[in-house]
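The model shown is predicted, which means the values in this text are computed figures rather than measured ones. Just so you know, these numbers use all the heavy atoms, side chains as well, and skip hydrogens, waters and symmetry mates.
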Amino acid sequence: MSSGSLRVISPGNAAAAARPPDWRRLLRTRTTGFALVALLLLAWEASVAWGWVRSDNWPRFSDVLLALWRGWASGELAGVIGSTLYRTFAGFFLGSALGIAMGVLLGRTAWLDWTLRPLVEIQRTLPAPALLPPLILLLGVDDALKIVVIALAVLPPVFVNTYSGVKATDETLILTARTLGLSRVATMWKIVLPASAPAIAAGMRTALALALVVAVIAEMISGTNGIGFHLMTMQYAMRAGDMYAAVVSIAAAGYLMNRVFLSAEKRLLHWHASSRV
């Protein structure tokens, strides 16, 4: 046998060969997850069909599917979810921009950190829905109120992750930038922000789900449209099927938002190890 036909298999190579491809592991995980959801929905249907639960407020899941079809076919659910997503994204991007800017400035400027950090810590402890009553006096009950409340809910997780990422930036990189004559702004843009990007993305992903939750709560408390207002209306009208159809719709919207964000994160941060997990 020639030396060219010999193949050395190290323990690491053997483990890699035995490990299934990433797409297979992902498919197996997704299949298991969807199977569990399907099993729970079948249990929901059976709980009513077989008389385990007897309540007008707990319809068959098949009735919920019919209400879901009617709501989307008529455009009613598309309209209410569309208005909720508009407020969600407006507040999310506003709060994220503020959180990133504050995290970078406080992370790299000592006197700003000493001055503003106590105020930021106080704001972090306030639940965003608790700010609705005083903000109604200032902003009314229109979209401005809901967008501001969502932004205030988004700001803390984005700020904390950005601040931590900036603080964790290798000081050697900063010193090298100074040695090369980079300005403070150029150092922020070319060194600090790229190094902090994975932490910022993690904070924004957490904040995205929080933005949707707060948007629904705000619409329940002071809304005239949107999915939160629609849910309350269906509850008062005792239309349980339509109410659960709205819940299923907003759950699907939240799942899709998260998947889109993960896809964008993987493309933008393809160089980072976390994007390959």
Side-chain angles (χ1 to χ4, degrees), residues 64 67-102 123 126-159 161-162 200-237 239 242-268:
V64 175
L68 195 65
W69 171 259
R70 291 195 302 266
W72 282 98
S74 66
E76 183 182 20
L77 282 175
V80 295
I81 286 185
S83 60
T84 297
L85 292 181
Y86 158 71
R87 301 181 186 105
T88 299
F89 287 122
F92 171 74
F93 287 119
L94 176 60
S96 295
L98 291 174
I100 292 171
M102 292 176 61
Q123 191 271 332
L126 291 174
L131 299 174
L132 278 168
L135 287 177
I136 288 176
L137 301 177
L138 299 173
L139 301 173
V141 294
D142 294 330
D143 285 351
L145 166 71
K146 301 172 185 65
I147 291 172
V148 168
V149 171
I150 294 167
L152 291 176
V154 166
L155 192 151
V158 176
F159 165 78
N161 280 267
T162 303
I200 294 173
M204 291 179 67
R205 183 185 175 194
T206 301
L208 184 60
L210 189 59
L212 183 60
V213 170
V214 173
V216 174
I217 293 174
E219 291 168 352
M220 287 180 172
I221 296 175
S222 63
T224 56
N225 54 29
I227 195 69
F229 179 76
H230 180 77
L231 281 168
M232 299 300 292
T233 303
M234 294 302 102
Q235 179 197 16
Y236 293 145
R239 292 166 56 182
D242 294 294
M243 181 183 68
Y244 285 112
V247 172
V248 171
S249 298
I250 199 64
Y255 177 80
L256 289 176
M257 285 165 54
N258 184 61
R259 296 309 309 171
V260 170
F261 186 91
L262 285 175
S263 178
E265 180 184 3
K266 188 173 183 178
R267 288 179 178 272
L268 294 174

Exercise for the section: Tell me, with the steps shown, if Arg87 and Glu219 meet salt bridge (charged side-chain N to carboxylate O under 4.0 Å, His left out). Expected result: CA-CA 10 Å; Arg87 301 181 186 105; Glu219 291 168 352; 2.6 Å; yes
Problem - Check against side chain to side chain contact (heavy atoms under 4.5 Å, CB included), Phe92 and Ile147 - result: CA-CA 8 Å; Phe92 171 74; Ile147 291 172; over 6 Å; no
Exercise for the section: Evaluate the criterion side chain to side chain contact (heavy atoms under 4.5 Å, CB included) for residue pair Thr224 and Val141; output intermediate values, then yes/no. Expected result: CA-CA 9 Å; Thr224 56; Val141 294; 5.6 Å; no
Handout entry: Chi angles and distances behind the side chain to side chain contact (heavy atoms under 4.5 Å, CB included) call for Phe89, Leu208
Key = CA-CA 8 Å; Phe89 287 122; Leu208 184 60; 4.2 Å; yes
Exercise for the section: Output, in order, the C-alpha distance, side-chain angles, deciding distance and verdict of side chain to side chain contact (heavy atoms under 4.5 Å, CB included) for Leu135 and Val148. Expected result: CA-CA 9 Å; Leu135 287 177; Val148 168; 4.2 Å; yes
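Nearest heavy-atom pair, Ile100 versus Thr162, reported as atom, atom and distance to 0.1 Å: O-CG2, 3.6 Å. When all heavy atoms are compared, the tightest approach of Gly228 to Met220 is O-CG, 3.5 Å. When all heavy atoms of Leu155 and Met102 are compared, the closest pair comes out as CD1-SD, 4.1 Å. Across all their heavy atoms, Ala245 and Leu68 have their closest contact at O-CD1, 3.3 Å. In plain terms, the two heavy atoms of Leu210 and Ala153 that are nearest each other are CD2-O, 3.2 Å. For the pair Gly254 and Leu212, the tightest heavy-atom approach, listed with the atom from each and the gap, is CA-CD2, 3.7 Å.
Under a 3.5 Å cut-off, the side chain of Ser222 and the backbone N or O of Ala218 do form a donor-acceptor pair. The closest donor-acceptor contact from the side chain of Thr84 to the backbone of Ile227 lies under 3.5 Å.
For the atom pair OG of Ser249 and CD of Glu76, the computed distance is 10.5 Å after rounding to the nearest 0.5 Å. Within the model, atoms CG of Leu231 and CG of Asp242 stand 10.5 Å from one another, a figure rounded to the nearest 0.5 Å. Here the straight-line distance linking atom OH of Tyr86 with atom NZ of Lys146 works out to 11.0 Å at 0.5 Å rounding. The structure places OH of Tyr244 at 15.0 Å from CZ of Arg239, a figure rounded to the nearest 0.5 Å. The OG atom of Ser96 lies 14.0 Å from the CZ atom of Phe159; values are rounded to the nearest 0.5 Å. Between the CE atom in Met257 and the OG1 atom in Thr88 there is a gap of 5.5 Å [rounded to 0.5 Å].
Residue Val216 is tested with Ile250, Ile221, Val247 for a side-chain contact (heavy atoms from CB on, under 4.5 Å); the sole match is Ile250.
When only modelled atom types and interatomic distance are considered, Arg205 and Asn161 share no side-chain donor-acceptor pair under 3.5 Å.
Within a 6.0 Å sphere centred on CZ of Phe261, other residues, nucleotides and ligands contribute more than 12 heavy atoms.
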